[in-house]
Amino acid sequence: DQQVKQNSPSLSVQEGRISILNCDYTNSMFDYFLWYKKYPAEGPTFLISISSIKDKNEDGRFTVFLNKSAKHLSLHIVPSQPGDSAVYFCAASALDMRFGAGTRLTVKP
Amino acid sequence: DAGITQSPRHKVTETGTPVTLRCHQTENHRYMYWYRQDPGHGLRLIHYSYGVKDTDKGEVSDGYSVSRSKTEDFLLTLESATSSQTSVYFCAISEYRGVGFTEAFFGQGTRLTVV
């Protein structure tokens with residue numbers, strides 16, 4: 001059973017606009033949520049996280065929102081840049097860490 | 001960069017042979033994970049460890065075993081490799097700080113091809 005779901009395999013946005021990546025989870029025991037960015041032939045790298053006791057965390061151009069009642073989180077990137085083009089994974093942790101299938105973001109100049 | 005090294009980085013093996021992948025860390029983190037990455041599935045947890053000799057199964061553990069005899073090393077063994085185990089394997093490490101896990105740091109990955 002996939003406990004973390006990213007239903008959009010791909011997203012394309014124009015440079016300077018907002019990118020919104022979405023993630024849903026099913027396990028209410030998850031208490032920490034993370035976003036990772038991955039380039040080809042490299043391991044994922046940590047981007048931003050949020051604890052279940054918060055509903056928003058911001059770091060520069062990146063903001064993560066958590067809606068616990070809906071079991072939904074999202075990553076906002078503003079403004080989007082071509083260098084943001086990568087695969088983004090949502091992850092959730094309790095005793096272990098589970099990942100979604102990823103969303104490939106393409107930012108067009 | 002976190003000190004985490006996977007070996008080998010690439011391997012081609014024949015169906016039915018045993019294969020062991022190694023993950024080595026220098027961060028003294030308690031938690032270590034093995035994931036596989038496949039198109040359309042993202043990263044799926046195979047096994048994880050929460051201490052020396054303490055391991056547990058993940059989402060896709062069938063056909064895999066792990067061992068952790070030292071804090072720094074976490075071994076993943078494919079007991080009898082099959083073509084369905086052709087994948088990219090990632091090791092990750094993290095720590096628990098009381099209010100939750102730290103972000104996981106990943107190795108560079110091992111590309112395994114079973115022919």
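The chains referred to below are lettered A, B, ... by the order of the sequence lines, with proteins before strands, and numbering in each begins at 1.
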Quiz prompt | A/Y36 side chain to B/A104 backbone, donor-acceptor under 3.5 Å | solution = yes
Quiz item: Is there a path from A/L47 to B/F106 through hydrophobic residues (I, L, V, M, F, W, Y) whose side chains come within less than 4.5 Å of each other?
Solution: no
Quiz prompt | A/R17 atom CZ, over 12 foreign heavy atoms within 6.0 Å | solution = no
Quiz prompt | ILVMFWY network linking A/F30 to A/I48, side-chain heavy atoms under 4.5 angstrom | solution = yes
Quiz item: Side chain, backbone, both or neither: which part of A/P44 has a non-hydrogen atom closer than 4.5 Å to chain B?
Solution: both
Quiz item: So which heavy atom on A/F46 is nearest to which on B/E103, and how close?
Solution: CD1-CB, 3.2 Å
Exercise. State plainly whether one hydrophobic cluster holds both B/V88 and B/L43, where clusters connect Ile, Leu, Val, Met, Phe, Trp and Tyr through side-chain heavy atoms under 4.5 angstrom apart.
Key: yes
Quiz item: Under a 4.5 Å heavy-atom cutoff, which of B/H41, B/R44, B/R111 has the most pairs with chain A?
Solution: B/H41
Exercise. Nearest 0.5 Å please: distance from the OH atom of B/Y48 over to the CZ atom of A/R98.
Key: 8.0 Å
Practice problem: Indicate, with yes or no, if the rings of B/F90 and A/F89 have centres closer together than 6.0 Å. | Solution: no
Practice problem: First locate atom CG of A/D96, then atom OH of B/Y31, and finally report the distance between them rounded to the nearest 0.5 Å. | Solution: 10.5 Å
Practice problem: Flag yes if A/L11 and A/Y88 sit in one hydrophobic cluster, no otherwise; membership is Ile, Leu, Val, Met, Phe, Trp, Tyr, and two members link when side-chain heavy atoms are under 4.5 Å apart. | Solution: yes
Self-check item: Contact class of B/Q6 relative to chain A, heavy atoms under 4.5 angstrom
Solution: neither
Quiz item: Same cluster or not: are A/W35 and A/V87 linked, directly or through other Ile, Leu, Val, Met, Phe, Trp or Tyr residues, by side-chain heavy atoms under 4.5 angstrom apart?
Solution: no
Practice problem: Work out which heavy atom in A/A101 is nearest to a heavy atom in B/G40; give both atom names and the distance. | Solution: CB-O, 3.7 Å
Exercise. Side chain from CB out, backbone as N, CA, C, O: work out which of these in B/Y35 comes under 4.5 Å of a heavy atom of chain A, or both, or neither.
Key: side chain
Exercise. Drop me the distance from B/L45's CG to A/M97's CE, to the nearest 0.5 angstrom.
Key: 10.0 Å
